[in-house]
Amino acid sequence: MRDDSDKEPSSKRDTLRAWLGQARFFTEEVYSARYRGAIARARRDEDDLFMLLVFSEMMGMPNPAAYYTLELQPLLLERFHDWHTRMGMEHSPLDHFRCC
C-alpha cells in the first residue's frame with residue numbers, strides 16, 4: 001500500500017516547475033520587449049532578401065541558386081504582393097504574373 005505522502009513531494013515539484021516555467025516566460029518577455037521591433041524589422045529584411053533571391057530569375061537577374069529556389073516559388077506566391085509593394089513596386093515586376 002502506498003501512502004499519500006509519496007504523492008505530495010511530486011505534486012510540490014510539479015507546482016514549483018510550473019511556477020518556474022511561468023517566471024522564465026515572464027522574464028524573457030520583459031527582457032525582449034524593447035527589442036521586439038528591431039527583431040521584427042531584421043526578420044522582415046531577411047525575408048525580403050530571400051524573396052528577391054527566389055524570384056530574381058523571373059525578374060531577369062541571374063541567380064546561381066535558381067535550381068534550388070524554383071520549387072519554393074509556389075509556396076511564396078501568396079506573399080509576393082505584400083513583398084513587391086513593400087519594395088516600392090506598384091505593380092508586379094513579373095511579366096507573366098499579375099497579382100494586383
Going by side-chain heavy atoms closer than 4.5 Å, which hydrophobic residues are tied to Leu53, directly or by a chain of links?
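Grouped by the 4.5 Å side-chain rule, Leu53 forms a cluster of one, so the answer is none.
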Applied to residues 33-54, the ring pair (Phe, Tyr, Trp, His ring centres under 6.0 Å) test, sequence neighbours excluded, yields Tyr31-Tyr35
For the [atom1] atom of [X] and the [atom2] atom of [Y], what is their distance to the nearest 0.5 Å?
X: Leu16; Y: Leu20; atom1: CG; atom2: CG; answer: 4.5 Å
X: Trp83; Y: Leu52; atom1: CH2; atom2: CG; answer: 5.0 Å
X: Gln22; Y: Thr27; atom1: CD; atom2: OG1; answer: 11.0 Å

Qualifying residues under side chain to side chain donor-acceptor pair (under 3.5 Å), relative to [X], sequence neighbours excluded:
X: Glu29; result: Arg36
X: Arg86; result: Asp48
X: Glu28; result: Arg24

Q.
Using the side-chain contact (heavy atoms from CB on, under 4.5 Å) criterion, which residues pair with Arg41? Sequence neighbours excluded.
A.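 For Arg41 the side-chain contact (heavy atoms from CB on, under 4.5 Å) partners, ignoring immediate neighbours, are Ala38, Arg44.
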If we only count heavy atoms from C-beta on, is the Leu76 to Phe55 side-chain gap below 4.5 Å?
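Result yes, sub-4.5 Å side-chain heavy-atom pair found.
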In this structure, would Leu75 and Val54 fall into the same cluster of hydrophobic residues linked by side-chain contacts under 4.5 Å?
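In one cluster: yes.
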Check your understanding: What residues, two or more places apart in sequence or in another chain, satisfy ring-ring contact (aromatic ring centres under 6.0 Å, His included) together with Phe26?
Key ->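 With neighbours one apart ignored, the set is empty.
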So the salt bridge (charged side-chain N to carboxylate O under 4.0 Å, His left out) pairs with at least one residue in residues 59-79 (sequence neighbours excluded) are none
